[in-house]
Amino acid sequence: MAKAHSVFFCQNCGAQSPKWIGRCPACGEWNTYLEEFIKKETPRESSMGEIKAGKKYVPVSIDKISKGIEERMDTGTAELNRVLGGGLVPGSLVLIGGEPGIGKSTLMLQVALRFKKRKILYVTGEESDQQIKMRADRIGASNPECMILTETNTQNIFRFLEQIEPDVLVIDSIQTLYTERIDSSPGSISQIRECAAELQRYAKLTDTPVILIGHITKDGMLAGPKVLEHMVDTVLQFEGDRHYGFRILRSVKNRFGSTSELGIFEMTDKGLREISNPSEILISQRDEDVSGVAIAATIEGQRPMLVETQALVGSAAYGTPQRSATGFDVKRLNMLLAVLEKRAGFKLGIKDVFLNIAGGIRVDDPAIDLAIISSVMSSNADIPIPQHYCFAGEVGLSGEIRAVNRIEQRVAEADKLGFEKVFVSTYARKSIDKKKYKAEIVFVRKIEDLIKALFA
Ligand code: TYD
Ligand code: MG
């Protein structure tokens, strides 16, 4: 008979210890250790995947390994395909993380309903099948090949998998599953890890892609998915501001593609709508010029995207000036302000500066720098920047405007959307064929040049 023993697990990073400790030596978090009871494994009955595939692993020469199924599955949702790097890879384990209520279940149900000509099994441990049906009605799609199973016990799930043999398996959510092999309660680190390991074996042995949904809470406790990140092939993060309708699907780890791709959706009353042309929604429509607004030509992944940066500069009411940035790194903002102070003589030390990237998205592309300093200066001087101006350049510490990658693509996107002037670095002159565009290309070398061009 199995012997039960207890282990303490860090609920943040999954490290284990035989005793309780206050501070996790692995991740440095405080008070994250919880006791979990684990049954020592009895020689286990083989899981379903192993029986079915009848595979045994032996060492083979790398030359003799066949490439396997290269073909990716088209999920029927273009934005998801993009983030996955071109579609779902057979046998891959994909984790979709996100805060509760952000729309993970909606996204995956929608994908399941649009996956044509494939058998999908959607396992839910969180909602009843009636609730799922109501959601499907709301989305307004149906698919006879999509089966719903309300179950949380992995052994039972594997039994059904054997019968149904789906082409794709969706688990909503990994935190609700439990395996009989382990004694601790569902949602604990050891359960999550063991369930994921069982599903991973199943995915690899049957070449079925498995999509796991996982919750992440703001304070990181009860996270669990962190532990899974090592185990799965792809980690997608579904995020967004709940006050905006926009949702961004970002790839954090991808063994089969780039991690810089973004998928953009809008939550509507009929489910998630894919946004294939993000520039149009990220730039607010206005009739007149206002100060403190500048448009940046950024690139996320392979896709050029024009985003609006908004700045508000005011006199600091209290001794220390306030700095805040939404959708942008506040440290980088401080650096840009310091450069402005030194190079352009702005007395920003006595000013509050608030920066916002419109649409609730987050931008890491350094090419946004030029638009940010332009919007800050515009707000500071209270002189609007004309709406048909657009910016793409990185700002260096000495105030020089540096060239950014794929400038042609950025200029082409701005040109296509009808911008009349595009400000770029002088150092990008060689890579731009001016004749190709209707828009005028303005080359700037230093911040001083930019000020002259904008406000002189
Ligand atoms: P849900 O997918 O359940 O989020 P998660 O699985 O990440 O916890 O739903 C998220 C929210 O979306 C919920 O508050 C209701 C809302 N919603 C819509 O606005 N429109 C819709 O068509 C649907 C199905 C949900
Ligand atoms: Mg859900």
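Indexing begins at 1, ligand by ligand and atom by atom, following the structure's order.
For atom 6 (O) of ligand 1, the nearest protein heavy atom (residue, atom name, distance) is S105 OG, 2.6 Å. Protein heavy atom in closest approach to atom 3 (O) of ligand 1: R135 NH2, 2.8 Å. Looking from atom 4 (O) of ligand 1 to the surrounding protein, the closest heavy atom is G103 N, 3.1 Å.
Residue contacts with ligand 1, taken as heavy atom pairs separated by less than 4.0 Å, do not involve L272 at all.
Checking only distances, K104 does come within under 3.5 Å of ligand 1, N or O to N or O. At under 3.5 Å, a nitrogen or oxygen of G101, whether backbone or side chain, sits near a nitrogen or oxygen of ligand 1. Among the atoms of H215, none of the N or O lies under 3.5 angstrom from an N or O of ligand 1. Taking only nitrogen or oxygen atoms, main chain and side chain alike, G271 reaches within less than 3.5 Å of ligand 1. Looking at ligand 1, you won't find any N or O of P100 less than 3.5 Å from one of its N or O atoms.
Comparing heavy-atom distances from atom 21 (C) of ligand 1 across R273, E266, M134, R138 singles out R138 as nearest. Taking each of D269, T106, I102, I96 in turn, the one with a heavy atom nearest to atom 1 (P) of ligand 1 proves to be T106.
Ring pair F419/Y389: centre-to-centre distance not below 6.0 Å.
Ligand 1 lies nowhere less than 4.0 angstrom from a heavy atom belonging to G98. Ligand 1 is approached by T268 to a heavy-atom distance shorter than 4.0 Å.
Contact between E151 and L177 at its shortest, heavy atoms only, is O-CD2, 4.3 Å. For E36 against S188, the heavy-atom pair with the smallest separation is OE2-CB, 3.2 Å. Shown here for F328 and L333, the closest heavy-atom pair between the two residues is CE2-N, 3.7 Å.
Around the CE atom of M231, the shell of radius 6.0 Å holds more than 12 heavy atoms that belong to other residues, nucleotides or ligands. Heavy atoms from other residues, nucleotides or ligands lying under 6.0 Å from CZ of R402 number 12 at most. Residue K116 qualifies as enclosed at atom NZ: its count of foreign heavy atoms under 6.0 Å is above 12.
Ring planes of F265 and F238: perpendicular class, angle over 60° (limits at 30 and 60°).
A salt bridge does not link K133 with D129: every distance from a Lys NZ or Arg NE/NH1/NH2 to an Asp or Glu carboxylate oxygen is 4.0 Å or more. The pair D415-R410 fails the salt-bridge criterion, with no side-chain N (NZ, NE, NH1 or NH2) lying under 4.0 Å from an Asp/Glu carboxylate O.
For the Mg ion (ligand 2), the nearby protein N/O/S atoms, meaning those under 2.8 Å, are S105 OG.
V411 is listed as a side-chain neighbour of Y437, based on a closest heavy-atom distance under 4.5 Å.
Atoms of ligand 1 lying under 4.0 Å from any heavy atom of M267, numbered from 1 in the order shown and given with element: 12 (O), 17 (N), 18 (C), 19 (O), 20 (N). Of all the atoms in ligand 1, the ones that sit under 4.0 Å from a non-hydrogen atom of K270 are 22 (O).
Just one residue in the list R250, R247, R362 forms a salt bridge (Lys or Arg N to Asp or Glu O under 4.0 Å) with E239, and that residue is R250.
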Using distance only, find each side-chain donor-acceptor pair of residues 100-112 under 3.5 Å and give its atom names and separation, not counting sequence neighbours.
from	atom 1	to	atom 2	distance (Å)
K104	NZ	G98	O	3.2
K104	NZ	E99	O	3.0
S105	OG	D172	OD2	2.8
Q110	OE1	L272	N	3.0
Q110	NE2	L272	O	2.5

